[in-house]
Amino acid sequence: MKAALLVGPERIDIDEIAAPRLAPDEVMIEPAVAGVCGTDISFFLGHRVVPYPFLLGHELVGRVIELGAEVTGFQVGQRVIVEPNYPCGTCSLCKAGRGAVCAQKRSMGVNVPGCFAAQATAPAEFVWPLPGNISDQDAATIEPLAVSVHGLLQSGVRAGDTVAVLGCGVVGLLLIHAAVAAGVRVVAHDRIAEKLGMARELGAVIVSEGNDAETVWQRENVGTVFECAGASVTVELALKAAPRGAQVILLGLASTPVSFLPMRLVREGINLRTSMIYDHPADFTYVIDRVAKGLLHPSRVVTHTYPLEKLGEALQFAGTGRAGKVHIQVT
Ligand SMILES: [Zn+2]
Ligand SMILES: [Zn+2]
């Protein structure tokens with residue numbers, strides 16, 4: 001099958017490789033559209049290392065082309081998306097519905113082969129049939145939307161509340177979209193003007209670079225701050241500028257230490273929590289329903305589409321941080 005393989009840092013080769021073997025509990029899918037994610041970019045740039053050659057990609061919509069021997073409930077030709085993180089299902093966290101943080105979790109395009117290829121496999125339990133009215137572009141963007149919606153649901157915010165979003169990458173933008181759809185007022189911050197433009201288009205009421213965060217958050221009565229930039233400096237800003245009584249929710253994956261004043265958090269009742277991807281199967285159930293009902297249109301954040309042959313170029317461009325969601329037309 002045709003595949004776009006990562007063969008070294010910043011090197012993608014288009015090659016013919018053997019199709020993946022189908023396990024009895026798996027579904028074989030022919031991807032139509034696949035999204036480029038920050039995870040793919042960090043592997044591409046060599047910030048995270050995989051044994052080369054490796055197939056990246058985990059946000060896909062496609063058609064079922066073959067069923068494993070034990071799989072029931074699917075039909076060849078059916079349109080599906082994949083929930084690309086596979087928690088073990090048996091540990092105490094999984095049993096408590098917290099598969100997102102399962103230590104044995106397997107992830108497509110991270111530690112099992114991804115979907116930037118003519119065929120991809122996934123366990124049937126994590127393959128979701130789609131209503132016909134969802135476009136391929138919306139369908140391929142449901143997975144990152146689930147990440148953002150999980151954060152929003154964790155926060156417990158309600159219509160009429162005001163929240164701040166630090167970082168208008170795809171996770172931040174989709175969080176803004178879901179929050180606005182739920183009647184929540186959003187103050188959005190990013191360093192890049194194009195991103196602020198997108199945040200405004202999605203309905204953020206105030207957008208700025210963030211230098212004024214403390215003043216604006218107090219004035220607008222921000223009760224929740226979502227850190228979606230994944231940078232130590234924005235985590236520090238969130239913890240320093242969050243108004244009295246607010247909560248700070250980290251979705252970004254900042255990888256260097258930060259400093260904060262515990263006394264302020266305790267005395268002023270600032271709560272800090274984290275939100276990691278989504279829980280199986282609750283979040284996909286919820287998000288697919290919202291998209292099918294036309295309440296959410298995650299493809300509004302898609303700004304560029306490349307053919308599979310240009311995956312390297314797509315990853316390079318997505319890595320500049322100037323794009324919204326970048327899609328790959330696989331077939
Ligand atoms: Zn992703
Ligand atoms: Zn588990």
Side-chain angles (χ1 to χ4, degrees), residues 4 6 25 31 33-45 47-48 50 54-62 81-117 120 122-123 125-128 137-151 167-175 177-178 228-230 250-253 255 274-284 287-288 291 298-299 301-304 311 314-315 318-319 321 323-328 330:
L6 181 71
D25 64 336
V33 175
V36 167
C37 170
T39 308
D40 301 313
I41 296 166
S42 56
F43 282 121
F44 175 69
L45 295 176
H47 301 160
R48 289 175 72 179
V50 274
F54 190 72
L55 251 184
L56 298 171
H58 58 269
E59 302 174 1
L60 70 149
V61 59
I81 58 172
V82 173
E83 182 180 352
N85 291 283
Y86 318 139
C88 78
T90 55
C91 73
S92 59
L93 285 167
C94 281
K95 283 184 175 157
R98 301 188 62 200
V101 291
C102 168
Q104 283 87 44
K105 181 181 66 181
R106 295 179 304 137
S107 302
M108 179 190 269
V110 175
N111 50 27
V112 298
C115 65
F116 291 138
E125 187 190 344
F126 297 91
V127 177
W128 293 81
Q137 285 65 34
D138 274 329
T141 323
I142 284 176
E143 193 269 351
L145 175 64
V147 173
S148 302
V149 166
H150 183 70
C168 298
V170 170
V171 171
L173 289 173
L174 288 172
L175 204 152
H177 177 46
C228 301
L250 308 183
L251 285 88
L253 300 170
S255 57
T274 62
S275 177
M276 173 63 183
I277 55 169
Y278 32 74
D279 287 322
H280 176 71
D283 290 314
F284 264 60
V287 172
I288 291 172
V291 176
S299 63
V301 305
V302 177
T303 54
H304 298 75
L311 177 65
L315 285 161
K325 175 60 77 184
V326 172
H327 273 173
I328 303 298
V330 183

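Counting from 1, the numbers follow the sequence of the chain as shown. Just follow the structure's listing: the first ligand is 1, and inside any ligand the first atom is 1. Values reported hereafter were calculated over all heavy atoms of this structure, with side chains retained and with hydrogens, waters and symmetry mates removed. Remember, it's a predicted structure, so these values are computed and weren't measured experimentally.
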*Evaluate the criterion side-chain contact (heavy atoms from CB on, under 4.5 Å) for residue pair Val36 and Phe116; output intermediate values, then yes/no.*
CA-CA 9 Å; Val36 167; Phe116 291 138; 4.2 Å; yes
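Under the 3.5 Å distance criterion, the side-chain polar atoms of Ser148 are matched with a main-chain donor or acceptor of Val171. Looking only at distances, no side-chain donor or acceptor of Asn85 sits under 3.5 Å from a matching main-chain atom of Ser107. For the pair Lys105 (side chain) and Gly99 (backbone), a donor-acceptor distance under 3.5 Å is absent.
Sorted by chain and number, the protein atoms of type N, O or S within less than 2.8 Å of the Zn ion (ligand 2) are Cys88 SG, Cys91 SG, Cys94 SG, Cys102 SG.
Considering the Zn ion (ligand 1) as centre, the angle to OE2 of Glu59 and to NE2 of His58 is 100° (10° rounding).
Between Phe54 and Phe43, the ring planes are tilted. Angles from 30° to 60° get that label.
Under the ring-ring contact (aromatic ring centres under 6.0 Å, His included) criterion, Tyr278 pairs with Phe284, sequence neighbours left out.
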